[in-house]
Amino acid sequence: LGELDNPSGSSTVPTTTDNSEIIEFKDKNVEGVLVQYFDRNLDYKLSKAEALAVYDLGRIFQGNDYITSFDELRYFTRLTNLREKTFYQNKNLKSITIPGSVEVIGRLAFEQTGLEEVTILDGVKEIQYAFTNCSKLKKFVFYCKTPPIISDSYFIFGDDYEIYVPAESLDAYKKADKWSDLADKIKVIE
């Protein structure tokens, strides 16, 4: 491989101590896609250090029908934006954990996915029509102490879902612009 194919310039295999930093993916299909694009040392694994080097997922997952969960996204703490249609039409994607480094979850980022549960870590500031046409979505868990700006109280369609927030932020969510329309769905994280 040339220097452009292997940006790190390294072809070393991690040692036993390096293996403790390897991310164990529940969904091997997610790991396969990420290794293809971001495995800098060519060990066919993804380390936490390699995840930290990722600033943008682009659309590498768009239309992927094989992935089912991506809770390990929480290790990608240099991501600041999940852009438009990042996970568009991932019909079998059931769960995801979004790191707090993501300030904006872009329009249609998860449109037409099979999501059932979404966990959003503290730090996310804005959600733009990201979860449209996610008919299986039943549970949102927000660890954000400050309610993110939402484009509309209908940022998710349907009536059969619940939103969980930190106890100290319950009132803030129930009173925040557009969140107040969802007050009956907002509960304290158990």
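Nothing here was measured: the structure is a model prediction, and the numbers come from that model. The first residue in the sequence is number 1, and the count goes up from there.
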What's the verdict on salt bridge (Lys or Arg N to Asp or Glu O under 4.0 Å) for Glu162 and Lys187, showing C-alpha distance, side-chain angles and the deciding distance? CA-CA 7 Å; Glu162 295 178 333; Lys187 302 175 174 137; 2.9 Å; yes
Can you name the closest pair of heavy atoms from [X] and [Y] and give their distance?
{"X": "Gln112", "Y": "Cys134", "result": "N-SG, 4.3 Å"}
{"X": "Tyr173", "Y": "Pro148", "result": "OH-CD, 3.7 Å"}
{"X": "Asp122", "Y": "Lys145", "result": "OD1-N, 3.1 Å"}
{"X": "Asn29", "Y": "Tyr66", "result": "ND2-O, 3.2 Å"}

Report the C-alpha separation of Lys91 and Asp65 in whole Å, then their side-chain angles, then the decisive distance to 0.1 Å, and conclude whether the salt bridge (Lys or Arg N to Asp or Glu O under 4.0 Å) test is met. CA-CA 6 Å; Lys91 295 187 187 306; Asp65 280 340; 6.0 Å; no
Under the criterion side-chain contact (heavy atoms from CB on, under 4.5 Å), I'd like the reasoning laid out for Val35 against Phe25: C-alpha separation, chi angles, the key distance, then a yes or no. CA-CA 11 Å; Val35 163; Phe25 288 87; over 6 Å; no
So, applying side chain to side chain contact (heavy atoms under 4.5 Å, CB included) with Ile23, which one of Glu31, Glu50, Glu72 is it?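 Output: one option passes, namely Glu72.
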Has the side chain of [X] got a donor or acceptor atom that lies under 3.5 Å from a matching backbone atom of [Y]?
{"X": "Ser180", "Y": "Lys175", "result": "no"}
{"X": "Glu126", "Y": "Ser151", "result": "no"}
{"X": "Thr119", "Y": "Thr97", "result": "no"}
{"X": "Asn90", "Y": "Asn92", "result": "no"}
{"X": "Trp179", "Y": "Ala172", "result": "no"}
{"X": "Ser101", "Y": "Leu79", "result": "yes"}

Can you confirm if the NZ or CZ of Lys185 lies within 45° of the ring axis of Tyr161 and under 6.0 Å from the centre of its six-membered ring?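 Positive - Lys185 is close enough to the ring of Tyr161 and near enough to its axis.
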Classify the side-chain pair [X]/[Y] by whether it contains a donor and acceptor separated by less than 3.5 Å.
{"X": "Tyr55", "Y": "Arg78", "answer": "yes"}
{"X": "Glu111", "Y": "Asn133", "answer": "yes"}
{"X": "Ser95", "Y": "Asp71", "answer": "yes"}

Candidate pair Gln62 and Gln89, rule side-chain contact (heavy atoms from CB on, under 4.5 Å), full reasoning: CA-CA 7 Å; Gln62 192 176 62; Gln89 290 186 335; over 6 Å; no
Please round to the nearest 0.5 Å and tell me the distance separating atom [atom1] of [X] and atom [atom2] of [Y].
{"X": "Glu168", "Y": "Ile189", "atom1": "CD", "atom2": "CD1", "answer": "8.5 Å"}
{"X": "Tyr88", "Y": "Arg59", "atom1": "OH", "atom2": "CZ", "answer": "10.5 Å"}
{"X": "Glu117", "Y": "Ser69", "atom1": "CD", "atom2": "OG", "answer": "11.0 Å"}
{"X": "Arg40", "Y": "Leu46", "atom1": "CZ", "atom2": "CG", "answer": "10.5 Å"}
{"X": "Ile67", "Y": "Lys26", "atom1": "CD1", "atom2": "NZ", "answer": "12.0 Å"}
{"X": "Arg107", "Y": "Glu84", "atom1": "CZ", "atom2": "CD", "answer": "5.0 Å"}

Among all residues two or more places apart in sequence or in another chain, which pass the side-chain contact (heavy atoms from CB on, under 4.5 Å) test with Leu170?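 By the side-chain contact (heavy atoms from CB on, under 4.5 Å) rule, Leu170 matches Val165, Lys174, Ile186, Val188.
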Run the side-chain contact (heavy atoms from CB on, under 4.5 Å) test against Asp56 and tell me which residues pass, sequence neighbours left out.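 In terms of side-chain contact (heavy atoms from CB on, under 4.5 Å), with neighbours along the sequence ignored, Asp56 is linked to Arg83.
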is_close_aromatic(Phe70, Phe61), centroid dist under 6.0 Å: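 Yes.
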Compare all side-chain heavy atoms of [X] with those of [Y] and state whether any distance is below 4.5 angstrom.
{"X": "Phe142", "Y": "Ser169", "result": "no"}
{"X": "Ile120", "Y": "Cys144", "result": "yes"}
{"X": "Phe140", "Y": "Phe131", "result": "yes"}
{"X": "Ser47", "Y": "Phe38", "result": "no"}
{"X": "Thr132", "Y": "Leu108", "result": "yes"}
{"X": "Lys139", "Y": "Val118", "result": "no"}
{"X": "Thr77", "Y": "Leu52", "result": "yes"}
{"X": "Ile105", "Y": "Asn81", "result": "no"}

Where do Leu182 and Ile150 land on the side-chain contact (heavy atoms from CB on, under 4.5 Å) test, with the steps shown first? CA-CA 11 Å; Leu182 304 168; Ile150 54 176; 4.2 Å; yes
Under a single-linkage definition using a 4.5 Å side-chain heavy-atom cutoff for Ile, Leu, Val, Met, Phe, Trp and Tyr, are [X] and [Y] assigned to the same hydrophobic cluster?
{"X": "Val54", "Y": "Ile98", "answer": "yes"}
{"X": "Val33", "Y": "Leu93", "answer": "yes"}
{"X": "Tyr75", "Y": "Tyr44", "answer": "no"}
{"X": "Tyr143", "Y": "Tyr164", "answer": "yes"}
{"X": "Phe87", "Y": "Leu121", "answer": "no"}

Run the numbers on Asp39 and Lys45 for salt bridge (Lys or Arg N to Asp or Glu O under 4.0 Å), then give the verdict. CA-CA 7 Å; Asp39 177 20; Lys45 299 285 181 188; over 6 Å; no
Determine whether Val104 and Lys125 satisfy the following criterion, side-chain contact (heavy atoms from CB on, under 4.5 Å), listing intermediate values before the conclusion. CA-CA 6 Å; Val104 178; Lys125 293 178 179 25; 5.9 Å; no
